[in-house]
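Below is one structure; the comments refer to it alone.
Note that the structure is predicted; figures quoted are calculated from it, not measured. Chain identifiers are assigned alphabetically (A, B, ...) following the order of the sequence lines, protein sequences preceding nucleic acid strands; residue numbering begins at 1 within each chain.
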Amino acid sequence: FIELILIMSHLVSIISIMVLFRYTDGVKWKFLEHKGPVFAPPYEPLPSNVKFYYDGKHMKLSPEAEEVATFFAKMLDHEYTTKDIFRKNFFKDWRKEMTAEEKSIITDLKKCNFTEMSEYFKAQSEARKAMTKEQKQKIKAENERLLQEYGFCIMDNHKERIANFRIEPPGLFRGRGDHPKMGMLKRRIRPQDIIINCSKCVKSCDVAGFLQNQGREFIAPAFNDPSCVQGEKDWQKYETARRLKKCVDRLRAQYREDWKSKEMRIRQRAVALYFIDKLALRAGNEKEEGETADTVGCCSLRVEHLKLYPENEGQEFVVEFDFLGKDSIRYYNRVPVEKRVFKNLQLFMENKEPDDDLFDRLNTSILNKHLQELMDGLTAKVFRTYNASITLQQQLKELTTADDNIPAKILSYNRANRAVAILCNHQRAPPKTFEKSMQNLQAKIDAKKDQLSDAKRELKSAKADAKVRRDEKSKKAVETKRKAVQRIEEQLMKLEVQATDREENKQIALGTSKLNYLDPRISVAWCKKWGVPIEKIYNKTQREKFAWAIDMADEDYEF
DNA sequence: CAATTAACTTAGGAGTGCGCCA
DNA sequence: TGGCGCACTCCTAAGTTAATTG
């Protein structure tokens, strides 16, 4: 069953090999070889003129302590280096890397002066930018060589790309949101830290397991599935969502019935499921306190995360959600719900403290077990996929106008995509240059408008001219001017569409839903139906990822 | 049944490199 | 031709799910 290949490399002392045989049940391959991960470049000590000062006095740090100090120095411009937790965590871990002497001297982070280091790194980055073309080429070529050597594996008889074959370089952990571990040291990973995880191994690799880094598993280089396998999985995901489509009415009827159940746990389950379905909330696993940022999903919602309004702005039974979800992105929404849901929520919240669980008789495992019974392969996240894809399809139907030109059709597509992103709460920070680039675009529009009125004036006079002269030449001139006007009108329209699109997209991230939630066949079909080139919707990487869909969907495809 | 954890999937932001425009 | 903004790629964090363990 198992074939083993060990490839030695001059760079690393151990080469990881993963050989698993799982052909029968979702088996992907039975022979695999790869060259192991690429380690972070070794630490280069600072030149002696770049100094560190403690309490105003120059101090030469040991290489170990110096390296960690540089991590902090590189972050000096970030606001989080001023945060107490960040500083506390950093200082604690930094001290662990110090010599006994350094430890005895350096006792207060406030007395540390990293500015020379910081300046040095800024200068370095400037220098990098100022490199000549040849130097840049050289670096690029070296990266390419590394990619060729380590970025691929042999899987059965095919050469396949590997994802993250580079080991994370050491640095300071910066979690998202209010993370209790921010500022902690992420150690450098050395070859001897690598433990090979394989089912059966030869000589040098006899231990199975994973090494730990910063409380979180370091995952040995994972392989990109061959694109056909990746596509297969993707396809399956959307097929499951389509099966949900077939029975979603039944499930909805079911959970509405369950709102009336005598059993509290059933009612909680049913209300949670309603939220997951209606609002595309995530499942919401419970998390260990103090280990991660305080974020929640559906099952882990707390009383403090919602407010109930029997009446609000003319609507009955309004629920206001306000909580931090994945990546500490705020979810804020005010939605009217059915009376039964509202009454249930009142009950769930009765006699509870703000930090008590809303669904105290429910967790993701209970919920998913229930879903599994309702439909094979159904889990909470299938609802997100289903609702995202069905929304795209509906919105495309609604928003696309047959005689719109291509840019207008693409605007419609983006708007449909946007509706999904809003549903899934995919947000982004407004780009730093947003205001400026908006102004620039507006200036372009104004210029184009001027150009248009000029062109119109010229057309008018050409017409007048032609009326008097009545010769071929002046007739032709009218035609030319007419075409010019038309062209400028189109250009103007394109710019205006662009402006609308960009404005509406200010705080919304479209990429996540496009990549992970939207059945690509919907988009492919839409492109085919309206003659929009697929390149306008998917870039090169995306076209590769969705090759399976581009191949198989025709214009009548229905999700 | 709860805790642990492997495996997989989804997420936003930083950095950069490339195309477009003046 | 050079500067600038934007799209894309990479990075790594942070979810979900299911299997295992005791």
### Task
Determine: side-chain N/O of A/Thr379 to OP1/OP2 of C/dT17, distance under 4.0 Å, yes or no.
yes

### Task
Would you mind classifying the nucleic acid contact of A/Ala429 as base, sugar-phosphate or nothing, using non-hydrogen atoms under 4.0 angstrom?
sugar-phosphate

### Message
Using whole Å, what does the distance between atom C1' of nucleotide B/dT10 and atom CG of A/Asp234 come to?
### Response
12 Å

### Message
Can you confirm whether A/Tyr331 sits close enough to A/Leu281 that some side-chain heavy atom of one is under 4.5 Å from a side-chain heavy atom of the other?
### Response
yes

### Task
Take atom CG of A/Asp178 as the centre, draw a 6.0 Å sphere, and report whether it contains more than 12 heavy atoms from other residues, nucleotides or ligands.
no

### Message
At less than 4.0 Å, is any side-chain N or O atom of A/Lys436 found next to OP1 or OP2 of C/dC4? Yes or no.
### Response
no

### Query
Would you say a side-chain N or O of A/His179 is under 4.0 Å from OP1 or OP2 of C/dA14?
yes

### Query
So among A/Arg243, A/Arg242, A/Lys237, which one has a salt bridge (charged side-chain N to carboxylate O under 4.0 Å, His left out) with A/Glu239?
A/Arg242

### Message
Expressed as a whole number of angstroms, how long is the span from A/Tyr331:OH to B/dT10:C1'?
### Response
18 Å

### Summary
Separation of B/dT9 atom C1' from A/Lys545 atom NZ, nearest Å, is 9 Å

### Query
Quick one: does A/Arg521's side chain get under 4.5 Å of A/Phe559's, heavy atoms only?
no

### Task
Look at the aromatic rings of A/Trp94 and A/Phe90 and report parallel, tilted or perpendicular, splitting at 30° and 60°.
parallel

#### Entry: CG (A/Asp450) with more than 12 external heavy atoms under 6.0 Å
yes

### A/Leu518 CG to A/Leu392 CG distance, which is reported to the nearest 0.5 Å
5.0 Å

### Message
If you only use heavy atoms from C-beta on, which nucleotide in B/dC8, C/dA14, C/dT17 is closest to the side chain of A/Ala380?
### Response
C/dT17

#### Entry: Under 4.0 angstrom between A/His426 side-chain N/O and B/dA11 OP1 or OP2
yes

### Query
B/dG13 P sits how many Å from A/Glu79 CD, rounded?
14 Å

### Query
Listed in order of residue number, which residues of residues 512-520 of chain A have a non-hydrogen atom at under 4.0 Å from DNA chain B?
A/Thr512, A/Asn516, A/Tyr517

### Query
How about A/Lys369 and A/Gln372: does a side-chain donor come under 3.5 Å of a side-chain acceptor?
no

## Note on the structure
Sequence neighbours excluded, the answer for salt bridge (charged side-chain N to carboxylate O under 4.0 Å, His left out) partners of A/Arg128 is none

### Task
Classify the nucleic acid contact of A/Asn285 as base, sugar-phosphate or nothing, counting any heavy atom under 4.0 Å across all strands shown.
base

### Summary
In whole angstroms, the gap separating C1' of C/dA18 from NZ of A/Lys381 amounts to 13 Å

### Degree of bending in the helix from B/dC1-C/dG22 to B/dA22-C/dT1 once both end axes are built from five pairs, to 10°
10°

### Query
Would you say a side-chain N or O of A/Arg282 is under 4.0 Å from OP1 or OP2 of B/dA11?
yes

## Note on the structure
Separation of B/dA2 atom P from A/Leu362 atom CG, nearest Å, is 13 Å

### Message
Let me spell it out: for each of A/Glu288 and A/Arg384, pick the nucleotide of DNA chain B with the closest heavy atom. Which residue's pick is nearer the 5' end?
### Response
A/Glu288

### Message
Under 4.0 Å, heavy atoms only, any strand: does A/Arg428 hit a base, just the sugar-phosphate, or nothing?
### Response
sugar-phosphate

### Task
Compute whether any side-chain donor of one residue and acceptor of the other, for A/Thr295 and A/Lys287, lie under 3.5 angstrom apart.
yes

### Message
Classify A/Gly297 by what it touches in the nucleic acid, base, sugar-phosphate, or nothing, heavy-atom distance under 4.0 Å.
### Response
nothing

### Query
Nearest-Å distance, CG (A/Asn363) to P (C/dA18)?
13 Å

Each nucleotide N or O in nucleotides 16-21 of chain B that has a protein N or O under 3.5 Å away: list the pair and distance.
unit_1, atom_1, unit_2, atom_2, d
B/dC18, OP1, A/Lys140, NZ, 3.0

### Message
Classify the ring geometry of A/Phe86 against A/Tyr80: parallel below 30°, tilted from 30° to 60°, perpendicular beyond 60°.
### Response
tilted

### Query
Just to confirm, is there a sub-4.0 Å distance from OP1 or OP2 of C/dT17 to any side-chain nitrogen or oxygen of A/Asn368?
yes

#### Entry: Side-chain donor/acceptor contact of A/Lys326 with base of B/dT10 under 3.5 Å
yes

### Message
My understanding is that only residues two or more places apart in sequence, or in another chain, count here; which of them pass salt bridge (charged side-chain N to carboxylate O under 4.0 Å, His left out) with A/Asp360?
### Response
A/Lys352

### Message
Counting the atoms with a prime plus P, OP1 and OP2 as sugar-phosphate, which does A/Thr295 contact under 4.0 Å by heavy atoms, base, sugar-phosphate, or nothing?
### Response
sugar-phosphate

### Message
Run the side chain to side chain donor-acceptor pair (under 3.5 Å) test on A/Thr70 and A/Tyr120 for me, step by step, so that the C-alpha distance in whole Å, both residues' side-chain angles and the decisive distance to 0.1 Å come before the verdict.
### Response
CA-CA 10 Å; A/Thr70 63; A/Tyr120 172 70; over 6 Å; no

Could you pull out the protein-nucleic contacts involving nucleotides 8-10 of chain C (nitrogen or oxygen on both sides, under 3.5 Å)?
unit_1, atom_1, unit_2, atom_2, d
C/dC8, O5', A/Asn539, ND2, 3.3
C/dT9, OP1, A/Thr541, OG1, 2.2
C/dT9, OP2, A/Thr541, OG1, 3.0

## Note on the structure
note: A/Leu281, atom CG; C/dT16, atom C1'; distance rounded to Å ~ 14 Å

### Task
Decide yes or no on side chain to side chain donor-acceptor pair (under 3.5 Å) for A/Tyr238 and A/Ser389, but give the supporting numbers first.
CA-CA 9 Å; A/Tyr238 293 113; A/Ser389 287; 5.5 Å; no

### Query
Between C/dA13 and A/Lys181, is there an OP1 or OP2 to side-chain N/O distance shorter than 4.0 Å?
no

### Message
Atom CD of residue position A/Glu44 - does it have more than 12 heavy atoms of other residues, nucleotides or ligands inside 6.0 Å?
### Response
no

### Query
Looking at CG of A/Asn539 and CD of A/Gln542, how far apart are the two atoms once the value is rounded to the nearest 0.5 Å?
4.0 Å

